[in-house]
Amino acid sequence: MSTAAVIGGGPAGLIAAETLARAGVEVTVYDRMPSVGRRFLLAGHGGLNITHSEDRDRMLARYGRSAERIAPMLDVFSPDDLRDWCAGLGEPTFVGSSGRVFPQAFRATPLMRAWLARLAELGVRIETRHRWAGWAEGTGALRFTRADGEAVEATPEVALFALGGASWPRLGADGGWVELFEERGAAVTPLRAANVGVQVAWTNVFADRFAGTPLKNVGLTVLGRDQSGRGDAMLTRTGIEGGPVYAIGAAIRDALDADGECVLRVDLRPDLTVDQLAERLRRRRPKDSTSTTLRRLGLDPAAIGLLRESTGGALPNEPTAAAELVKAVPVVVTATMPIDRAISTAGGLAWSEVDESLMVRRLPGTFVAGEMLDWEAPTGGYLLQASFSTGVVAAHGALAWLRGESARRSR
């Protein structure tokens with residue numbers, strides 16, 4: 001029986017372990033935490049958004065610069081395949097009003113419990129509290145440090161790494177693998193915060209009043225760039241976060257890298273044009289206050305507060321100018337929040353370092369999946385979908401490599 005080590009017990013690692021075990025490989029999963037799937041379980045606390053129902057082309061666009069590399073992996077393990085997999089574990093899925101896909105129980109716990117039972121039935125061994133410490137000199141064995149400090153080694157025929165990025169250090173994804181891979185000559189794109197809030201220097205008055213208040217149904221764009229996001233954003237004491245911010249995260253980072261700051265344009269009424277808003281403003285009653293007039297445009301106190309914050313309180317009186325401001329409130333972003341506040345990570349092992357089966361070119365028999373690779377995507381099921389898909393592809397690659405090795409040994 002062939003042997004495989006899977007290093008990392010998140011979704012990418014566990015689906016790879018399942019795929020390998022189903023093919024008759026003896027699999028051991030190593031994870032440095034006391035239990036596997038911790039981030040997966042945390043993601044499911046508010047409802048496990050496991051994938052998305054939108055068509056393939058729209059989904060691929062969510063992966064930005066990595067769409068071409070992700071595309072064949074979605075063909076191998078598609079959103080429909082992921083939904084079938086969930087149903088096979090006794091958790092059929094449903095499509096929410098936004099197109100996002102959730103398991104019937106809505107939480108991750110029942111799914112994970114059934115998954116671990118299946119892995120046990122397949123003979124997958126799970127070793128927790130084992131932190132990967134690199135490769136042994138000379139032999140190339142995998143080195144691990146246990147929680148009691150004891151060093152142990154493993155010599156599987158193939159190794160599949162799925163250690164995540166660096167955005168969840170308390171759950172195991174701390175980016176500690178980067179230096180170890182770089183020591184082997186592998187190129188790693190620096191890990192950066194993705195799906196993360198941004199920092200804005202609000203005035204104390206605005207922060208005190210509106211921190212923790214949502215901006216409902218707004219559109220966000222980055223000045224000079226064509227990426228956009230729409231939905232509910234959340235005002236925080238130090239900035240702004242939420243789905244529409246995450247959707248344009250790459251554009252925000254690019255602008256910060258180029259200019260040291262980034263100007264967001266916030267469209268407070270994305271369903272109305274400038275002309276429609278201006279016409280409503282022209283119907284202002286003589287005794288109406290500015291706040292009353294803005295409320296008649298459908299703006300709530302947080303939106304009105306943002307308008308005042310952006311102009312120092314001096315809102316334009318001319319209807320067209322006021323309408324243009326409502327459609328493009330400038331908000332100056334000074335930085336993203338730190339990586340340990342992020343939902344996910346951009347950067348990772350460069351695509352040039354792996355072949356189509358996700359084997360590391362300079363490390364034959366070593367495969368990589370999940371967020372260790374250099375891709376990113378917004379929230380909405382895209383992160384988990386690509387993690388599962390890359391895990392399956394890497395496992396298929398490992399099986400093909402094992403078959404080739406077996407054929408070579410038999411000659």
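Nothing fancy with the numbering, it's 1 onward along the sequence. Values below: every heavy atom of this structure, side chains too, minus hydrogens, waters and symmetry copies. Predicted model only: the values in this text are computed from it and were never measured.
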**OP:** Take T145 and R131, measure what side-chain hydrogen bond (donor to acceptor under 3.5 Å, both in side chains) needs, and give me the verdict at the end.
**Re:** CA-CA 5 Å; T145 303; R131 184 184 184 101; over 6 Å; no
[atom2] on [Y] to [atom1] on [X], rounded to 0.5 Å:
| X | Y | atom1 | atom2 | value |
| --- | --- | --- | --- | --- |
| I339 | S167 | CD1 | OG | 6.5 Å |
| H130 | E150 | NE2 | CD | 8.5 Å |
| L268 | N217 | CG | CG | 10.5 Å |
| K327 | L272 | NZ | CG | 7.0 Å |
| S78 | M59 | OG | CE | 9.5 Å |
| D300 | F210 | CG | CZ | 8.5 Å |

Original post:
Given E356 and M73, is the side-chain contact (heavy atoms from CB on, under 4.5 Å) satisfied, shown in steps?
Top reply: CA-CA 9 Å; E356 292 180 355; M73 302 183 202; over 6 Å; no
If only side-chain N and O atoms count, and only distance matters, is there a donor-acceptor pair under 3.5 Å linking [Y] with [X]?
| X | Y | value |
| --- | --- | --- |
| T293 | T290 | no |
| T292 | R295 | yes |
| T128 | D31 | no |
| S357 | D355 | yes |
| T311 | R308 | no |
| T320 | R282 | yes |

**OP:** Start with the C-alpha distance between V76 and S389, add both sets of side-chain angles, then the distance that settles side-chain contact (heavy atoms from CB on, under 4.5 Å), and finish with yes or no.
**Re:** CA-CA 7 Å; V76 171; S389 295; over 6 Å; no
Original post:
Parallel under 30°, tilted from 30 to 60°, perpendicular over 60°: which one fits the rings of F181 and W177?
Top reply: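 Perpendicular: the ring planes of F181 and W177 meet at over 60°.
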Subject >> Lys/Arg N to Asp/Glu carboxylate O, D254 vs R65, below 4.0 Å >> reply: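 Between R65 and D254 there is a salt bridge, with a charged N closer than 4.0 Å to a carboxylate O.
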Does a side-chain heavy-atom distance below 4.5 Å link [X] with [Y]?
| X | Y | result |
| --- | --- | --- |
| T203 | R209 | no |
| V329 | R265 | no |
| V95 | V101 | yes |
| Y30 | F161 | no |
| S310 | L325 | yes |
| Q199 | T336 | no |

Step through it carefully: locate the ring centre of [X], locate the ring centre of [Y], and say whether they are under 6.0 Å apart.
| X | Y | result |
| --- | --- | --- |
| W135 | F144 | no |
| F367 | W401 | no |
| F388 | W115 | yes |
| Y382 | W375 | no |

**OP:** Check the pair E127 / T28 against side-chain contact (heavy atoms from CB on, under 4.5 Å), numbers first and verdict last.
**Re:** CA-CA 7 Å; E127 295 285 359; T28 303; 3.8 Å; yes
**OP:** Walk me through it: do D257 and R192 pass the test side-chain contact (heavy atoms from CB on, under 4.5 Å)?
**Re:** CA-CA 12 Å; D257 290 344; R192 305 183 66 182; 2.7 Å; yes
